[in-house]
Number of protein chains: 2
Amino acid sequence: MALIKKERKPKPDASTTRIQDPEGTRRNILEIASKEFALNGLSGARIDEIAARTRFSKRMIYYYFGDKEGLYLRALENAYRQVREGEAQLDIEGLPPVAALTRLVEFTFDHHHRHEEFIRMVMIENIHHGQYLEQSDAIRELNVTAIDHISRIYSRGVEEGVFRPGLDAIELHWQVSALCFFNVSNRTTFSMIFGRDFGAPAQLERLKRNSVEMLLRFVAKDEAPAER
Amino acid sequence: MALIKKERKPKPDASTTRIQDPEGTRRNILEIASKEFALNGLSGARIDEIAARTRFSKRMIYYYFGDKEGLYLRALENAYRQVREGEAQLDIEGLPPVAALTRLVEFTFDHHHRHEEFIRMVMIENIHHGQYLEQSDAIRELNVTAIDHISRIYSRGVEEGVFRPGLDAIELHWQVSALCFFNVSNRTTFSMIFGRDFGAPAQLERLKRNSVEMLLRFVAKDEAPAER
DNA sequence: TGTAGTGAACGAACCAGTTCGTACATAACT
DNA sequence: AGTTATGTACGAACTGGTTCGTTCACTACA
């Protein structure tokens, strides 16, 4: 049988000189892909859709990222990197323990709130049982320092006698994360069910204040909590 | 005009009597579908896969549920119903406020832990911006009573002078939910990142105790929390 | 009591649209 | 010239949904 050769368009455009910028190409693709994955999930996102939104063709995605999962993995890493880099902004050096912890919780609350895309990626990744996070050494490396702040604050608080001893820094981090993460991750359904907008500024302030207070009261030394 | 009559097979088979059981059929399909959606999400789940796992053909899914989204919606409702029904088991009548709140938090913690499928459905639904929950009056109706327990416990506690006044029952519910939900929803990534199994029984006990304590300390009347 | 009619329950095969991924061609840079 | 970068067209497989026809239980009536 005869091979059918396609006619090729000989000349698409010569007016604009194509500037080669592989790094820029990667960044542009990754940026768009991150949004799409965060919005639609891994299976929900469409490679063609991502390609259409970039300045490049689908071919470029495969050229630079191999396949859909490779692209997703990079988007996941990207999300973690951005957020962890942002966390480096937090400065609590020199603050006394209570003020430092307050600042940490407030910062985390706001930070999560500002990075909904990240929250969504983490949710999606949990849906996938961490299957992709598992493949990324980069992400694990990024995160080991995530408890540094709270760990130091807590130690200092215990030393100074304002925090009770015996608590675990990772568990404290867990508690802070839970309160701040949930605020973003479950806002939609929670608001719908209780008919109240949990994203409203005044409401957010209250939730933030509550979260701070919960942590402060939890670590506070003074007297024991009510007996059960 | 001539009526076209269908040929009828007079007597084909008498060995296996087909038992018509529409309710059973629906239940079987819904049960399998719930698992598949919770596992793979809306776009990730495959109708053919669901059909293959049921005792029926794909045709029946469309016969009973219309389309994929209809099936998903039913699965979502099903998840909420099951969990809310389970919550009705909680009996705190007669307990003093502190004991009641302790029991409530412990119960919620365990209940969420036991219903991972539900947690996953809620996550998935949040990824979809609550698009399907929005369509379900049934779910909203189910949930309005969700804060009854905590609301009554809190009022009683304030009356009896053991809880501080001025707090909001829905926000308390929010806090309990955050702690208990996060424990299931983010366990995978959290465990991976910090290299500790947050699903281990001893660890779960600690987290549960922490959660209870956080709530108790938060509502406790006595003296003010550390000033910041 | 037998039988024709009826509608609900069900299955196999199919269809049309979608989606990931690739082959081929070509332009730009070194 | 050779390597890198890029676009276009396209195919194979998949997937949601439909069509057509069959099976079965039951009812009305001869």
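Every heavy atom of this structure was used, including side-chain atoms; hydrogens, water molecules and symmetry mates were not. Throughout, protein chains are lettered first and strands after them, A, B, ... in sequence-line order, and every chain is numbered starting at 1.
Residue A:K58 places no side-chain atom within donor-acceptor reach of the base of D:dG7, judged by atom type and a 3.5 Å distance cut-off alone.
We find that CD of B:E49 is positioned 13 Å from C1' of D:dC14, with the value rounded to whole Å. Atoms CG (B:D48) and C1' (D:dA13) sit 13 Å apart, rounded to a whole Å. Separating the CD1 atom of A:I61 from the P atom of D:dA5 is a distance of 16 Å, rounded to the nearest angstrom. Summarising the geometry, the separation between CZ on B:F56 and C1' on C:dA12 is reported as 17 Å, rounded to the nearest angstrom. The separation between B:R46 atom CZ and C:dT18 atom P is 15 Å, rounded to whole Å. Distance, A:L42 CG to C:dT19 P: 14 Å, rounded to whole Å. The CD1-C1' distance, from A:I50 to C:dG21, rounds to 14 Å in whole Å. The CD1-P distance, from B:I47 to C:dC14, rounds to 21 Å in whole Å.
No side-chain heavy atom of B:M121 sits under 4.5 Å from any side-chain heavy atom of B:E77. Contact of the A:H128 side chain with the A:Y72 side chain is registered, since non-hydrogen atoms from C-beta on lie closer than 4.5 Å.
Heavy atoms of B:A51 sit nowhere under 4.0 angstrom from any nucleic acid atom. Using a 4.0 Å heavy-atom distance criterion, B:F65 is classed as making no nucleic acid contact. Residue contacts shown for B:Y63 include a base, since a base heavy atom lies under 4.0 Å away.
Taking the side chain of B:M60 as heavy atoms from C-beta on, and the options C:dC10, D:dG17, C:dG21, the nearest nucleotide is C:dC10.
Note on B:R59: every side-chain N or O is 4.0 Å or more away from OP1 and OP2 of C:dG11. The phosphate of C:dC10 has neither OP1 nor OP2 within less than 4.0 Å of any side-chain N or O from B:Y62. The phosphate of D:dT6 (OP1 or OP2) has a side-chain N or O of A:T25 nearer than 4.0 angstrom.
With no hydrogens or angles considered, no side-chain donor-acceptor pair links B:Y132 and B:E125 at under 3.5 Å. Side-chain N/O atoms of A:Q203 and A:D197 include no donor and acceptor closer than 3.5 Å.
Residues A:W174 and B:F194 place their aromatic rings such that the two centres sit no closer than 6.0 Å.
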